[in-house]
A.B. asks: 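My questions all concern the structure below.
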Amino acid sequence: MNSNYMNAETVLETYAGSDLGLTYTAAYSQFKVWAPTAFTVSLVVYETGGNGTGSPAIFKRDSGRIVPMQRGDDGVWQVQVTGDLKGKYYMYRTIFEDGTINEAADPYATAVSANGLRSAIVDLRDTDPEGWSGDKSPQLLHPADAVIYELHVRDFSAHASSGIINKGKFKAFTETGLRDATGNPLGIDHLAELGITHVHLLPVFDYQTVDELNGAGEGPRPDYYTDYNWGYDPQHYNVPEGSYSTNPSDPEARIRECKEMVQALHSKGIAVIMDVVYNHTYGFEKGPFEPLVPDYFYRRDYLGRLSNGSGVGNELATERPMVRKFIKDSLAYWASEYHIDGFRFDLMGLMDSVTIREITEELRLNINPNLLIYGEPWTGGDSPLAAKTLKGVQRGKGYAVFNDNFRSAIKGDSDGWGRGFVTGEYGKEGAIASGIKGAIHDFTDSPVETVNYATAMIILTCGIKYWLPRV
């Protein structure tokens, strides 16, 4: 345990601007990073993104161009580099008073090299598909009309029978006119015929444990790589996952192809919801925050130990100003740059209620008034967070939570052997009736504040309908 960890009363300078990260132009690039406790910070510009293998924390101190950064009164270090840097890569190198030297990717990075080893410098306008400026979100008359289908980008098209060429990729959603031997529509055409209004994508931001190069890089693969994951192990929050790209080594490809997926779904009248994981990161010391601002971004208990309400070893301290700002900035970026229509929060209970309320209010005011926002009102374990976002907290706040009361009444205990109504248990009728009414006598002020679901079933109620193809 670090005896010098930042406790809840630690106060650091904060920054209110909207330009953290890279601001690119052909004439110059501006870099800004919030690192108030660092002794010095330097920008390191690389010609390559690395070979795609090895831990993101590994670096060669003599292989990049080092550019000193200047510190402002708000804890932000910045530098402006003249010339066109498009196609190059960068990292931030921090030195602390105790002599510790870290090198890390930009937490605000919008593009990265293969396996997220380095931040990439791109012109985002080069990543816009043809007709992107005219892309429009499908309109929904009322949130209660939403019928949401959850899917995994890879699983949507990976099977040999899918008929899709770009199996397991973002581009799979752009393939139309496909039919099986008996004439049934395949791929995105099948989604359209279901009559759903929204697709809920399991996490599509860059996650850590899948090797984007499938072992094609030089040298052995790091231990943390696996061949498959649902994506609940965040690495770079503002970058699409590279394993879903046709060319993970091209930083622009994953961005363009993710936009093409959204555009294709919109063209079929289907809105797009992102499953987002802002309650924890895959790693702590090698995660996107700790090398830049040690002990700030993660929540700890009263003994100074990392809290573990996520069940994976850490929790983001969403109640801290710059953590809250990062989350809001990240969501605003996805909603504006990628035309995302809604967000589903993993373990929303680990996010403080103020952050969720501000997310809902500000995104709808500044980006899209029709965004759907909902999440899991529970945690994965004990957490010292006082203001948890649990069932009932959402009343009158404009967002919804999953109704696990309804789920358990129908199917029984998800963590044990308890039975539900459909497996012969008596006395569950009242809970089911409450769910059908939108939980208005339980924990909501309105049926649109609850999401009713039960494993692989579709539940039709006066609230949001949710197709959940997995338990």
Side-chain angles (χ1 to χ4, degrees), residues 1-8 10 37 54-58 94 96 100 102-105 107 109 112 115-117 202-211 221-239 241 243 275-320 322-324 326-327 330 344-352 355-356 375-390 414-415:
M1 182 187 75
N2 180 0
S3 61
N4 296 316
Y5 75 94
M6 295 182 191
N7 60 34
T10 301
T37 60
S55 166
I58 295 175
T94 52
F96 296 89
T100 301
N102 295 328
E103 184 163 311
V112 295
N115 287 318
L117 295 188
L202 270 68
V204 295
F205 50 52
D206 184 60
Y207 52 86
Q208 191 156 340
T209 56
V210 171
D211 182 5
R221 298 197 304 175
D223 292 338
Y224 56 71
Y225 281 143
T226 62
D227 292 325
Y228 180 85
N229 202 300
W230 280 352
Y232 294 91
D233 51 335
Q235 181 172 352
H236 297 292
Y237 279 104
N238 297 332
V239 184
E241 164 61 18
S243 65
D275 195 331
V276 291
V277 189
Y278 292 104
N279 63 82
H280 73 275
T281 59
Y282 173 74
F284 167 62
E285 291 183 352
K286 297 178 181 178
F289 306 115
E290 189 65 11
L292 293 170
V293 194
D295 296 319
Y296 179 82
F297 277 81
Y298 294 90
R299 191 175 292 139
R300 293 180 181 265
D301 63 19
Y302 70 99
L303 292 176
R305 302 170 301 192
L306 286 172
S307 52
N308 189 25
S310 65
V312 298
N314 66 75
E315 303 172 34
L316 287 185
T318 62
E319 67 276 15
R320 292 189 169 182
M322 292 303 288
V323 184
R324 179 179 293 158
F326 175 84
I327 295 170
S330 178
R344 178 269 193 193
F345 289 85
D346 177 66
L347 295 185
M348 185 188 272
L350 292 177
M351 299 182 66
D352 68 284
T355 295
I356 295 296
E376 297 177 323
W378 52 73
T379 70
D382 292 334
S383 170
L385 176 64
K388 297 180 180 69
T389 304
L390 306 176
S414 292
D415 301 314

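Values below: every heavy atom of this structure, side chains too, minus hydrogens, waters and symmetry copies.
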A.B. asks: Of all heavy-atom pairs between Ala104 and Pro291, which one has the smallest distance, and what is that distance?
C.D. replies: CB-CB, 3.7 Å
A.B. asks: Go through the structure and list residues passing side chain to side chain contact (heavy atoms under 4.5 Å, CB included) with Thr355, not counting sequence neighbours.
C.D. replies: Thr318, Arg324, Met351, Asp352, Ile359
A.B. asks: Without swapping roles, check the side chain of Arg299 against the backbone of Leu316 for a donor-acceptor pair under 3.5 Å.
C.D. replies: yes
A.B. asks: Does some side-chain heavy atom of Val293 sit less than 4.5 Å from a side-chain heavy atom of Thr37?
C.D. replies: yes
A.B. asks: Can you check side chain to side chain contact (heavy atoms under 4.5 Å, CB included) on Asp346 and Asp275, steps first, answer last?
C.D. replies: CA-CA 7 Å; Asp346 177 66; Asp275 195 331; 4.1 Å; yes
A.B. asks: Can you find a heavy atom in the side chain of Leu202 that is under 4.5 Å from one in the side chain of Tyr232?
C.D. replies: yes
A.B. asks: If we check side-chain contact (heavy atoms from CB on, under 4.5 Å) with Leu350, which of these qualifies: Glu376, Lys388, Glu315?
C.D. replies: Glu315
A.B. asks: Using only atom types and a distance under 3.5 Å, with no angle test, would you say the side chain of Asn308 pairs donor to acceptor with the backbone of Gly381?
C.D. replies: no
A.B. asks: Shortest non-hydrogen contact from Leu347 to Gly309?
C.D. replies: CD1-O, 4.5 Å
A.B. asks: Taking ring pair (Phe, Tyr, Trp, His ring centres under 6.0 Å) as the definition, give me every residue that meets it alongside Phe284, ordered by chain and number, with sequence neighbours left out.
C.D. replies: Tyr298
A.B. asks: Of all heavy-atom pairs between Arg320 and Tyr296, which one has the smallest distance, and what is that distance?
C.D. replies: NH1-O, 2.8 Å
A.B. asks: Go through the steps to decide whether Asp295 and Glu290 satisfy the test side chain to side chain contact (heavy atoms under 4.5 Å, CB included), and finish with yes or no.
C.D. replies: CA-CA 6 Å; Asp295 296 319; Glu290 189 65 11; 3.5 Å; yes
A.B. asks: Between Ser383 and Ser307 (side chain of the first, backbone of the second, donor and acceptor by atom type, cut-off under 3.5 Å), is there such a pair?
C.D. replies: no
A.B. asks: Compare all side-chain heavy atoms of Phe297 with those of Leu292 and state whether any distance is below 4.5 angstrom.
C.D. replies: no
A.B. asks: Return the minimal non-hydrogen interatomic distance between Pro288 and Pro107, and the atom names on each side.
C.D. replies: O-CB, 3.7 Å
A.B. asks: What heavy-atom pair brings Ser330 and Asn238 nearest, and what distance separates the two atoms?
C.D. replies: OG-OD1, 2.6 Å
A.B. asks: Parallel, tilted or perpendicular: which describes the rings of Phe326 and Tyr237, with under 30° parallel and over 60° perpendicular?
C.D. replies: perpendicular
A.B. asks: Has the side chain of Asp233 got a donor or acceptor atom that lies under 3.5 Å from a matching backbone atom of Thr209?
C.D. replies: yes
A.B. asks: Would a 4.5 Å heavy-atom cut-off, applied to side chains only, mark Ser243 and Tyr207 as touching?
C.D. replies: yes
A.B. asks: Can you name the side chain to side chain contact (heavy atoms under 4.5 Å, CB included) partners of Val312, sequence neighbours left out?
C.D. replies: His280, Ser310
A.B. asks: For the pair His236 and Gln208, evaluate side chain to side chain contact (heavy atoms under 4.5 Å, CB included) and give the outcome as yes or no after the intermediate values.
C.D. replies: CA-CA 8 Å; His236 297 292; Gln208 191 156 340; over 6 Å; no
A.B. asks: Calculate, to the nearest 0.5 Å, the distance between atoms OG1 and CE belonging to Thr379 and Met348 respectively.
C.D. replies: 13.5 Å
A.B. asks: Applying side chain to side chain contact (heavy atoms under 4.5 Å, CB included) to Phe205 and Val277, what does each step give before you reach the verdict?
C.D. replies: CA-CA 9 Å; Phe205 50 52; Val277 189; 3.8 Å; yes
A.B. asks: Does the Asp301 side chain pair with the main chain of Leu303, one donor and one acceptor, at a distance under 3.5 Å?
C.D. replies: yes
A.B. asks: On a heavy-atom basis, which atom in Asp206 and which in Gly116 lie closest, and how many Å separate them?
C.D. replies: OD2-CA, 4.2 Å
